[in-house]
Amino acid sequence: MLELAILGLLKEQPLHGYELKKRLGETLGSLWGISYGSLYPALRRLEHDGSIEIVEPDTVAAPMPATGSLDGDLAAARLRRPAKSSRRTRKAYRVTERGDARLSQLLLDDDTAGDAERTFALKLAFCRHLDPDARLELLTRRRAALADRLSRARRSSPGRGDRYTRSLFEHRTQSTQRDLEWVDALIVAEGRDDVSAPTKPSTQEPLDQQGATAS
């Protein structure tokens, strides 16, 4: 899942390792515990297989307007000087075409834990990079997993457990029901988006006009 998160974030924009770690923490949450010790090996793997590439830092500063004062113009001129190259310059990474394909593959992978909450949440965070049919497939698969879980929960019983055990059982069942309703709403919204999407005008003549032309 770390590679999926990296590719999803780099799909949006190139990022340095530090920025990427910060965004990963915001996206995955603190429970994932992303460290530089796990981030940079993952970046090296993705770079090695051609999914990402290094972006050379831009050393040309953007032009600045005159400030109207000598001191201000001198300060602006100093800022316009190209930055000196340094071995300590941070590398930025961006996704490649191969990485785009890898991202789609990871988003649609039907792993053994396909109904896990964290896995689905991560895929949902980047599913906008999929085409509509693939997004619908992801949502439909999640719905099937939730429906199966709810069905099994309704067939089972907490038995003679105390009220805390019974409360926990009811809470889990109700949570699954709410998640199922949420995914159903996402599927309906996905269908509405498809209907409202603009269609390209057809360049083919109507059949009646074609017949008239032929005659």
Side-chain angles (χ1 to χ4, degrees), residues 1-17 19-55 91-153 172-173 175-194 197:
M1 291 298 100
L2 177 57
E3 292 184 358
L4 167 58
I6 290 173
L7 291 172
L9 290 173
L10 293 182
K11 173 77 172 177
E12 299 170 357
Q13 66 181 105
L15 293 169
H16 298 286
E19 298 166 332
L20 188 55
K21 181 178 182 299
K22 181 180 178 182
R23 293 284 302 279
L24 284 169
E26 296 170 351
T27 302
L28 301 178
S30 58
L31 294 179
W32 288 72
I34 302 301
S35 65
Y36 288 115
S38 58
L39 172 60
Y40 282 107
L43 288 171
R44 284 193 293 269
R45 288 194 303 271
L46 290 170
E47 183 184 0
H48 183 264
D49 70 15
S51 295
I52 63 174
E53 61 186 4
I54 295 175
V55 182
K91 294 185 294 186
Y93 301 88
R94 66 184 172 194
V95 72
T96 63
E97 290 186 7
R98 183 183 181 90
D100 282 339
R102 175 66 175 156
L103 175 60
S104 297
Q105 176 191 347
L106 290 173
L107 286 170
L108 292 175
D109 271 352
D110 189 9
D111 53 274
T112 56
D115 63 338
E117 277 69 20
R118 290 199 306 176
T119 301
F120 175 73
L122 179 60
K123 290 183 176 182
L124 188 66
F126 298 111
C127 75
R128 63 186 176 279
H129 300 307
L130 293 171
D131 59 58
D133 289 340
R135 286 198 302 269
L136 188 59
E137 177 186 345
L138 175 65
L139 294 171
T140 303
R141 197 165 63 221
R142 173 62 174 173
R143 189 197 186 284
L146 289 171
D148 179 67
R149 183 194 301 176
L150 184 61
S151 177
R152 285 186 281 108
R172 288 174 175 170
T173 303
S175 296
T176 302
Q177 177 65 48
R178 287 193 295 269
D179 283 350
L180 184 58
E181 294 170 356
W182 170 54
V183 172
D184 279 339
L186 288 174
I187 292 174
V188 171
E190 193 69 35
R192 285 201 301 265
D193 290 343
D194 289 344

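Note that the structure is predicted; figures quoted are calculated from it, not measured.
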Does the side chain of Arg94 reach to within under 4.5 Å of the side chain of Ile52, using non-hydrogen atoms?
no
CG of Leu46 to CZ of Arg102, rounded to nearest 0.5 Å, is 8.0 Å
Hey, what do you get for CG (Asp179) to CZ (Phe120), rounding to the nearest 0.5 Å?
9.0 Å
Applying side-chain contact (heavy atoms from CB on, under 4.5 Å) to Glu190 and Leu186, what does each step give before you reach the verdict?
CA-CA 6 Å; Glu190 193 69 35; Leu186 288 174; over 6 Å; no
Polar side chain donor-acceptor pair, Ser175 to Arg178, under 3.5 angstrom
yes
Quick check for you: to the nearest 0.5 Å, what is the distance between Thr173 atom OG1 and Arg149 atom CZ?
10.5 Å
Go through Asp148 and Arg152 one step at a time and tell me if the salt bridge (charged side-chain N to carboxylate O under 4.0 Å, His left out) criterion holds.
CA-CA 6 Å; Asp148 179 67; Arg152 285 186 281 108; 3.0 Å; yes
Using a cut-off of 6.0 Å, state whether more than 12 heavy atoms not belonging to Glu97 lie near its atom CD.
no
Decide yes or no for Leu39 and Ile6: does some side-chain heavy atom of the first lie under 4.5 Å from some side-chain heavy atom of the second?
yes
Would Glu19 and Arg23 count as a salt bridge (charged side-chain N to carboxylate O under 4.0 Å, His left out) if you check the C-alpha gap in whole Å, the side-chain angles of each, and the deciding distance to 0.1 Å?
CA-CA 6 Å; Glu19 298 166 332; Arg23 293 284 302 279; over 6 Å; no
Below 4.5 Å, heavy atoms only, C-beta onward: do Leu43 and Leu20 meet side chain to side chain?
yes
Determine whether Lys123 and Arg141 make a side-chain contact, defined as any pair of heavy atoms from C-beta on separated by less than 4.5 Å.
yes
Assess the residue pair Glu181 and Arg143 against the criterion (salt bridge (charged side-chain N to carboxylate O under 4.0 Å, His left out)); give the C-alpha distance rounded to whole Å, side-chain angles, the decisive distance to 0.1 Å, and a yes or no.
CA-CA 9 Å; Glu181 294 170 356; Arg143 189 197 186 284; over 6 Å; no
Does the cation-pi check pass for Lys21 over Tyr36, that is, NZ or CZ under 6.0 Å from the six-membered ring centre and within 45° of its axis?
yes
